[in-house]
Amino acid sequence: MVTTTMDILGKALRMLKDKPLCDSCLGRQFAFLGYRMENRDRGKAIKDLLAMEGHRLALQRDSEGLRILRILAENGGSSIASEILRKLGQAVGERRRCFLCEGLFEELSSLVDKAVKLLSEYEYDTFLVGIRIPVEIEEREDEFRAKYEIEYGESMRNELSRVIGKMIREITGKKADYMKPEIVILINPFTEEVEIQSNSLYIMGRYRKLVRGIPQSKWLCGRCRGRGCQFCNWTGKKYPESVEELIANPILEMTLGEDSSFHGAGREDIDARMLGSGRPFIIEIKRPKRRKLDLSEVERVINERARGKIEVSDLKFVDRRAVVKIKDMEATQKIYRVIVEFEREIGDDEIERLRELLTDITVHQRTPRRVLHRRADLIREKHIYETNIKRISPNRIEMIIRCQGGLYVKELVTGDEGRTDPSVSKIIGAEARPLELDVLEVLDKTEEK
Ligand SMILES: [Zn+2]
Ligand SMILES: [Zn+2]
């Protein structure tokens with residue numbers, strides 16, 4: 001007899017006697033039995049078989065038969081059981097709402113329609129469905145599963161995510177991606193809240209800064225901290241533009257992104273140019289709606305709008321992991337050009353001595369006083385591979401320095417009151433100050449020799 005056994009049918013009937021369950025919620029308790037079928041199919045198959053058994057018993061005038069058919073009709077919503085009962089001249093009670101999902105699984109299409117409508121504003125190839133379920137609903141199912149010692153069931157969250165994901169896939173033709181989805185669709189099916197999370201778009205490239213006076217990143221006004229005040233002319237910014245904004249703004253317009261974040265392989269001072277083949281950077285566009293950009297067009301627009309100020313090149317799409325890598329590139333080699341002015345005239349022998357003493361040496365550099373407010377006070381060792389010097393006037397020289405990234409070049413010139421050793425000032429024995437500083441090259445690890 002199915003009523004006493006603990007096989008699939010016996011267990012299913014006991015559960016249905018206890019609580020109303022829709023096809024999905026019944027089938028889900030046996031989700032890991034059988035392949036190539038959905039829980040809905042499992043639940044339906046079990047109910048159909050139980051209806052047949054009920055019919056068989058009823059025809060043998062076993063009262064258990066009618067009891068099974070009534071349970072199936074009222075607690076299982078089985079139309080087959082209802083029809084058998086009607087044909088046997090029996091009254092059929094009202095169908096009851098599913099105890100576990102409260103009827104949700106039969107109303108998924110309106111939820112999916114809502115999600116698809118929101119998704120239509122976005123350009124994407126891959127997505128992931130995230131499900132939020134009220135705690136009390138999850139706990140209710142946990143208790144139910146414990147009571148019936150469910151061994152092969154899956155969670156409602158799992159099933160909802162899979163089933164809704166499949167429905168969205170069928171309508172949109174997009175792919176599910178569990179590792180790096182472009183779009184995450186957060187759904188609370190019980191409140192019908194749907195939220196679209198568009199993951200960041202990352203574009204890597206190199207920038208050259210052709211003029212002095214532009215900071216790398218957006219610099220907030222120190223007085224109002226970005227709110228806007230009379231000192232910043234209500235812009236909220238200390239400087240009207242930055243490398244970050246010159247690159248980000250055109251891309252934000254093209255992607256309809258909401259915000260951006262700039263990651264550079266190190267940074268040059270505001271008064272230093274960045275020349276040569278440029279400094280690697282990654283621009284992160286947050287919550288973009290468009291992501292299929294023609295990067296050569298992006299490059300053209302940025303360079304046209306920032307003409308004479310900055311220039312970008314080598315744009316390519318990267319993923320989030322590249323941001324970590326670009327931070328490490330700070331340690332790669334850099335080539336600087338600095339114009340140095342001395343307090344007195346200097347001789348050719350002194351220039352030669354400077355060149356020799358600043359080639360293939362290690363500089364001990366205590367954190368410069370000017371950056372102490374944002375960096376820890378410690379001594380760094382930085383290598384200078386090579387220095388070349390050209391005289392410009394009796395008391396001015398141009399130095400080309402190839403060194404390890406992270407060397408503070410202005411302090412290499414001044415000595416920063418002894419915090420940097422050796423220094424140009426100390427070697428010459430005369431006060432020296434940097435007039436102009438440029439980064440000529442940021443060398444990739446692959447270019448290093
Ligand atoms: Zn249900
Ligand atoms: Zn201000």
Side-chain angles (χ1 to χ4, degrees), residues 8 11-33 37-48 50 71-82 94-112 129 131-148 150 152-167 187-192 215 217-242 244-245 270:
I8 294 175
K11 195 177 262 194
L13 187 58
R14 284 207 306 139
M15 288 192 283
L16 282 169
K17 260 183 189 166
D18 187 4
K19 302 287 182 198
L21 297 170
C22 70
D23 292 355
S24 296
C25 289
L26 177 64
R28 185 164 66 253
Q29 313 310 325
F30 307 99
F32 293 107
L33 302 175
M37 61 207 290
E38 247 321 324
N39 292 337
R40 195 187 327 115
D41 308 325
R42 291 185 175 87
K44 175 88 167 51
I46 292 169
K47 287 176 187 176
D48 289 352
L50 284 172
I71 289 166
L72 288 169
E74 291 165 21
N75 276 2
S78 163
S79 54
I80 294 178
S82 300
E94 280 282 295
R95 180 184 174 187
R96 296 166 65 203
R97 201 165 68 145
C98 178
F99 169 69
L100 293 176
C101 74
E102 302 176 351
L104 175 74
F105 277 94
E106 283 159 20
E107 294 158 11
L108 287 181
S109 61
S110 68
L111 197 62
V112 168
V129 173
I131 299 290
R132 290 172 170 156
I133 294 184
V135 181
E136 63 274 16
I137 287 180
E138 230 161 12
E139 282 177 352
R140 189 164 65 197
E141 181 154 23
D142 285 345
E143 278 171 32
F144 189 77
R145 287 168 61 161
K147 184 172 171 188
Y148 289 97
I150 296 302
Y152 302 103
E154 83 174 316
S155 70
M156 186 187 294
R157 179 192 303 276
N158 232 15
E159 174 168 5
L160 281 169
S161 151
R162 188 186 60 252
V163 170
I164 292 175
K166 198 172 157 193
M167 291 169 84
I187 300 182
N188 183 333
F190 291 90
T191 59
E192 293 188 14
S217 42
K218 196 159 119 182
W219 199 323
L220 293 184
C221 166
R223 289 188 186 250
C224 64
R225 303 236 153 264
R227 284 192 310 273
C229 66
Q230 63 185 80
F231 293 96
C232 59
N233 200 18
W234 308 100
T235 60
K237 296 188 289 185
K238 185 166 178 186
Y239 296 94
E241 52 193 8
S242 60
E244 170 176 3
E245 290 162 286
I270 178 168

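Counting convention: from 1, in listed order, for ligands and their atoms alike.
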Handout entry: NZ or CZ of Arg42 within 45° of Phe30 ring axis and under 6.0 Å
Key = no

Exercise for the section: Report the protein N/O/S neighbours of the Zn ion (ligand 1) that fall below 2.8 Å; do not count waters. Expected result: Cys22 SG, Cys25 SG, Cys98 SG, Cys101 SG

Exercise for the section: Report, as a single number, the protein N, O or S atoms less than 2.8 Å from the Zn ion (ligand 2). Expected result: 4

Practice task
Check the pair Glu244, Lys237 against salt bridge (charged side-chain N to carboxylate O under 4.0 Å, His left out), reporting the backbone distance first and the verdict last.
Solution key: CA-CA 13 Å; Glu244 170 176 3; Lys237 296 188 289 185; over 6 Å; no

Problem - Whether over 12 other heavy atoms sit under 6.0 Å from Glu94 CD - result: no

Exercise for the section: Quick one: pull up CZ in Arg162 and CD1 in Ile131 and give me the separation to the nearest 0.5 Å. Expected result: 11.5 Å

Practice task
Count the heavy atoms belonging to other residues, nucleotides or ligands that lie under 6.0 Å from NZ of Lys44, then report whether that count exceeds 12.
Solution key: no

Cut-off 3.5 Å, no hydrogens considered: what does the side-chain donor-acceptor table look like for residues 140-147, sequence neighbours left out?
residue: Arg140; atom: NE; partner: Phe99; partner atom: O; Å: 3.2
residue: Arg140; atom: NH1; partner: Glu102; partner atom: OE2; Å: 3.3
residue: Arg140; atom: NH2; partner: Phe99; partner atom: O; Å: 3.2
residue: Arg140; atom: NH2; partner: Leu100; partner atom: O; Å: 3.3
residue: Arg140; atom: NH2; partner: Glu102; partner atom: OE2; Å: 3.0
residue: Glu141; atom: OE1; partner: Arg28; partner atom: NH2; Å: 3.3
residue: Glu141; atom: OE2; partner: Arg28; partner atom: NE; Å: 2.9
residue: Glu141; atom: OE2; partner: Arg28; partner atom: NH2; Å: 2.9
residue: Glu141; atom: OE2; partner: Gln29; partner atom: NE2; Å: 3.2
residue: Arg145; atom: NH1; partner: Glu154; partner atom: O; Å: 3.1
residue: Lys147; atom: NZ; partner: Asp18; partner atom: OD2; Å: 2.6

Problem - For Tyr152, ring-ring contact (aromatic ring centres under 6.0 Å, His included) partners two or more places apart - result: none

Exercise for the section: Taking atom CD of Glu138 as the centre, report whether more than 12 heavy atoms of other residues, nucleotides or ligands fall under 6.0 Å from it. Expected result: yes

Exercise for the section: List the steps and the verdict of salt bridge (charged side-chain N to carboxylate O under 4.0 Å, His left out) for Glu38 and Lys166. Expected result: CA-CA 11 Å; Glu38 247 321 324; Lys166 198 172 157 193; 5.1 Å; no

